[in-house]
Each structure stands twice: as C-alpha cells, then as structure tokens.
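Sequence positions, counted from 1, serve as the residue numbers for this chain. Everything numeric in this text was worked out from a predicted model, so none of it was measured.
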Amino acid sequence: MENITIPKHIGIIMDGNGRWAKKRMLPRNMGHKKGAEVFKDITRYCNELGLESVTFYAFSTENWKRPQEEIDGLMKLFKQYLIDAFDYEKENNKVIFLGDKSAFNQELRELMTEIESKTADRTGMKLNLALNYGSRDEIVHACKEIAQKVSEGSMSVDDIDENSFADHLYTKGQPDPDFILRPSGEKRISNFLLWQCAYSEFIYMDVLWPDFTRKDLDSAIAEFNSRNRRFGGV
Ligand code: IPE
Ligand code: IPE
Ligand code: MG
C-alpha cells in the first residue's frame with residue numbers, strides 16, 4: 001500500500017456472525033466463534049499497520065435482548081478470549097474496555113479490570129473492546145459524572161466544554177475514529193460512538209465479519225483514502 005495514509009483510529013462494528021452461521025446451517029454461536037478468530041487476526045494486523053487506536057464493537061447494551069442460549073455462548077467466548085488476551089502481552093497493546101462492566105458476572109468483571117491494569121502503562125496501540133457498550137449509555141454516564149463533580153464543587157458549569165465532556169467518555173484521551181467500518185451489509189450505526197463519530201467517514205462492506213480478511217481492511221483503508229474530508233471547511 002503505497003502513498004496511503006494510515007488512519008489513527010478505526011472503529012469496527014463486527015457484524016454478520018449470525019448470518020454467516022445460518023448460511024452454513026450452523027448454530028449462531030459458531031458464527032461468533034469464527035468472528036472472534038477474525039477479531040484476533042485483525043487486531044494483529046492493526047498493530048502491524050501502526051494504528052494508534054482501534055475499537056471493536058463486540059456486544060451492545062441492546063444485545064441482551066437476544067436468546068439466553070446465545071448470550072451464554074457469548075459470555076463463555078468472552079471469558080475464553082479475556083483469559084487468552086494475555087496473548088497480546090508481546091504486542092504491547094493497551095487494552096481498554098468501553099462500556100458498563102457492572103452487567104457482567106464477577107469473574108468477567110475481574111478479568112476485565114485485571115487486563116486493564118496490567119496493560120495500563122503500555123505504550124503501543126490502544127485496543128478498545130466495546131462490551132455492553134451503548135453510546136447513549138456512555139453519554140448519560142458522562143453527564144452523571146460531570147453533574148456529580150459540579151455538585152461537589154470540583155468542576156464548575158463553565159468548565160464544561162466539548163473537550164472536558166469528551167474526557168468523561170470511555171474513549172477519553174484517544175483521537176476520534178477516522179472511519180467507522182461496518183461489514184455485513186447493514187448501513188446503520190447501532191448506538192456506536194455517536195459523539196466520537198461527528199466527523200468520521202462511514203465505510204460499509206457486504207462481507208460478513210467471519211469472512212473478513214486483512215485484504216478487506218486494506219480495501220477499507222484505500223476507500224478512506226479516496227474520501228475528501230473537510231471538517232466543515234472548504
Ligand atoms: C455481531 O453479529 C455479533 C454481535 C452482535 C454479538 P450478529 O450476531 O449481529 O450477526 P447477524 O447480524 O445476526 O448476522
Ligand atoms: C451491532 O450489531 C452490535 C455489535 C456488532 C456488537 P447488531 O447486530 O446488534 O445491530 P442491529 O441490531 O443490526 O442494529
Ligand atoms: Mg447483527
């Protein structure tokens with residue numbers, strides 16, 4: 001990839017696992033299992049490309065509506081991957097969980113906290129995993145934190161601006177996503193990074209996430225490079 005600008009931050013909505021499984025007459029959880037393998041490889045690739053941040057949307061605040069069997073399978077898979085996450089040890093990634101951890105069981109919550117603290121001082125790519133993440137929930141959470149500070153007197157109303165507000169989001173300190181990628185053919189944002197995507201490019205692809213390859217990411221980055229971003233200017 002010559003003369004290509006590598007984005008600083010990519011947001012990826014890992015969608016299409018269920019349809020991938022259905023096409024093969026497999027249970028939906030087999031699609032999630034394959035999707036998790038793809039997640040692992042694409043993470044490595046993002047490291048190789050030298051991204052500053054990457055955010056993977058893995059489970060939304062709305063995904064609890066799914067059948068219990070699918071949720072149980074997903075929780076098992078998350079646990080397996082979080083234990084395995086120390087595989088990234090060699091990669092120097094700083095792992096950050098975006099979302100409300102309180103909905104998960106104690107074991108998962110402890111694993112998440114442990115991974116975050118063990119990787120907190122790392123200097124490599126920020127690997128954001130959006131788990132029980134909803135952007136509206138994130139914004140409400142930020143408002144509550146700010147309101148609390150104002151009522152305690154550690155922040156004044158005049159201190160509230162776009163920057164200080166963003167500092168209360170789960171993505172604090174990270175650049176906004178340059179582009180949001182959604183495979184699977186759906187063309188919607190589904191409560192992902194609503195504040196942060198104000199000037200993100202949107203790239204939709206027909207490939208189902210379990211079939212997604214490094215080449216597909218190359219095409220998405222090439223597509224991003226063909227866009228003319230103006231940020232409101234001329
Ligand atoms: C995305 O794949 C994974 C999660 C939301 C957990 P889906 O499970 O939404 O796959 P489709 O959209 O049904 O194909
Ligand atoms: C968005 O996908 C959430 C994740 C990929 C984790 P969904 O499959 O839940 O979104 P909708 O229901 O198609 O909007
Ligand atoms: Mg879906």
Side-chain angles (χ1 to χ4, degrees), residues 1-17 19-20 35-36 38-63 91 93-99 124-131 133-136 138-139 162-163 165-167 169-234:
M1 292 204 291
E2 276 166 35
N3 298 324
I4 281 264
T5 304
I6 298 296
K8 282 194 177 140
H9 184 179
I10 304 179
I12 303 179
I13 303 176
M14 301 189 283
D15 197 19
N17 296 350
R19 277 162 283 171
W20 182 92
V38 171
F39 151 75
K40 215 164 161 168
D41 185 56
I42 296 298
T43 301
R44 286 209 187 93
Y45 191 43
C46 289
N47 266 309
E48 288 170 26
L49 291 171
L51 296 189
E52 196 174 304
S53 298
V54 60
T55 301
F56 290 96
Y57 201 7
F59 194 83
S60 76
T61 46
E62 288 73 36
N63 286 148
E91 311 238 24
N93 289 327
K94 178 169 171 157
V95 181
I96 300 159
F97 293 98
L98 312 185
M125 181 177 78
K126 293 187 183 80
L127 173 56
N128 300 301
L129 303 176
L131 282 179
Y133 175 86
S135 198
R136 288 182 168 181
E138 175 183 40
I139 290 168
E162 293 186 12
N163 289 325
F165 188 82
D167 282 343
L169 297 173
Y170 294 122
T171 48
K172 58 180 161 287
Q174 301 191 51
D176 285 338
D178 294 294
F179 71 84
I180 307 266
L181 171 64
R182 184 163 192 160
S184 93
E186 306 297 354
K187 295 181 177 65
R188 55 176 168 261
I189 194 77
S190 302
N191 205 8
F192 187 49
L193 303 178
L194 300 181
W195 170 281
Q196 297 88 337
C197 79
Y199 272 102
S200 303
E201 297 294 323
F202 288 93
I203 297 179
Y204 298 106
M205 296 174 92
D206 281 331
V207 57
L208 300 173
W209 177 253
D211 288 326
F212 193 88
T213 62
R214 291 176 174 222
K215 272 208 159 67
D216 292 317
L217 189 59
D218 289 343
S219 324
I221 294 173
E223 164 79 28
F224 166 73
N225 271 263
S226 75
R227 304 278 178 93
N228 179 13
R229 302 178 85 188
R230 284 189 289 273
F231 300 98
V234 285

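- Under the ring-ring contact (aromatic ring centres under 6.0 Å, His included) criterion, Tyr204 pairs with no residue at all, not counting sequence neighbours.
- Note that CD1 of Ile96 is 6.5 Å distant from NZ of Lys126, once rounded to the nearest 0.5 Å.
- In this structure, the side chain of Ser200 does not engage the main chain of Ile180 through any donor-acceptor pair within 3.5 Å.
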After noting the C-alpha distance and the side-chain angles of Glu91 and Thr43, does the key distance pass the side chain to side chain contact (heavy atoms under 4.5 Å, CB included) rule? CA-CA 10 Å; Glu91 311 238 24; Thr43 301; over 6 Å; no
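- Among residues at least two apart or in separate chains, there is no salt bridge (Lys or Arg N to Asp or Glu O under 4.0 Å) pair with a member in residues 51-60.
- Applying the side-chain contact (heavy atoms from CB on, under 4.5 Å) test to Asn17 and every residue at least two apart in sequence or in another chain returns His32, Trp209, Pro210.
- Side chains of Tyr45 and Asp218: a donor-acceptor N/O pair is present below 3.5 angstrom, by distance only.
- Under the rule for a side-chain contact (heavy atoms from CB on, under 4.5 Å), the partners of Asn225 that lie at least two apart in sequence or sit in another chain are Ile4, Thr5, Ile221.
- Taking the six-membered ring for Trp and thresholds of 30 and 60 degrees, Tyr199 and Phe231 have ring planes inclined between 30 and 60 degrees apart.
- Aromatic ring orientation, Phe179 versus Phe224: tilted (interplanar angle from 30° to 60°).
- Residues Phe202 and Ile189 are in side-chain contact: their nearest non-hydrogen atoms beyond the backbone lie under 4.5 Å apart.
- Taking NZ of Lys215 as the start and CZ of Phe212 as the end, the distance is 13.0 Å to the nearest 0.5 Å.
- With hydrogens and angles ignored, the 3.5 Å screen pairs a side-chain donor or acceptor of Arg19 with a backbone N or O of Ser184.
- Taking all atoms of both residues into account, the shortest heavy-atom contact from Cys46 to Val54 is SG-CG2, 3.9 Å.
- Between Ser135 and Leu194, the closest heavy-atom pair is OG-N, 2.7 Å.
- Closest of all the heavy-atom pairs between Leu181 and Ala220 is CD1-CB, 4.0 Å.
- Of all the heavy atoms in Glu138 and Thr171, the pair that sits closest is OE2-N, 3.9 Å.
- For the residue pair Asp216/Thr213, the side-chain donor-acceptor check at 3.5 Å is satisfied.
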Please evaluate residues Tyr57 and Asp15 with respect to the criterion side chain to side chain contact (heavy atoms under 4.5 Å, CB included), reporting the C-alpha separation (whole Å), side-chain torsions for both, the decisive distance (0.1 Å), and the verdict. CA-CA 9 Å; Tyr57 201 7; Asp15 197 19; over 6 Å; no
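- Residue pairs meeting the salt bridge (Lys or Arg N to Asp or Glu O under 4.0 Å) criterion with at least one member in residues 192-201, sequence neighbours excluded, are Glu201-Arg227, Glu201-Arg229.
- The backbone N or O of Tyr133 sits nowhere less than 3.5 Å from a side-chain atom of Tyr170 that would complete a donor-acceptor pair.
- Partners of Phe165 by ring-ring contact (aromatic ring centres under 6.0 Å, His included), not counting sequence neighbours, listed by chain and number: Trp195.
- Interatomic distance, Asn93 CG to Asn128 CG, rounded to the nearest 0.5 Å: 10.5 Å.
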Side chain to side chain contact (heavy atoms under 4.5 Å, CB included) between Arg188 and Arg182: does it pass, once the steps are laid out? CA-CA 8 Å; Arg188 55 176 168 261; Arg182 184 163 192 160; 3.5 Å; yes
Go through it in stages, so that I can follow the logic: the residues are Thr55 and Gln196, the test is side chain to side chain contact (heavy atoms under 4.5 Å, CB included), and I'd like the CA-CA distance, side-chain angles, deciding distance and then a yes or no. CA-CA 12 Å; Thr55 301; Gln196 297 88 337; over 6 Å; no
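- Between the CG atom in Leu129 and the CZ atom in Phe97 there is a gap of 5.0 Å [rounded to 0.5 Å].
- Rounded to the nearest 0.5 Å, atoms CG (Leu217) and CD (Glu48) are 11.0 Å apart.
- Across Arg214 and Ile42, no two heavy atoms sit closer than the pair N-CD1, 3.9 Å.
- Across Pro7 and Leu51, no two heavy atoms sit closer than the pair O-CD2, 2.9 Å.
- Remark: side-chain polar atoms of Asp178 are paired, donor with acceptor, to backbone N or O of His9 under 3.5 angstrom.
- Atom CZ of residue Phe192 and atom CZ of residue Phe56 lie 9.5 Å apart, to the nearest 0.5 angstrom.
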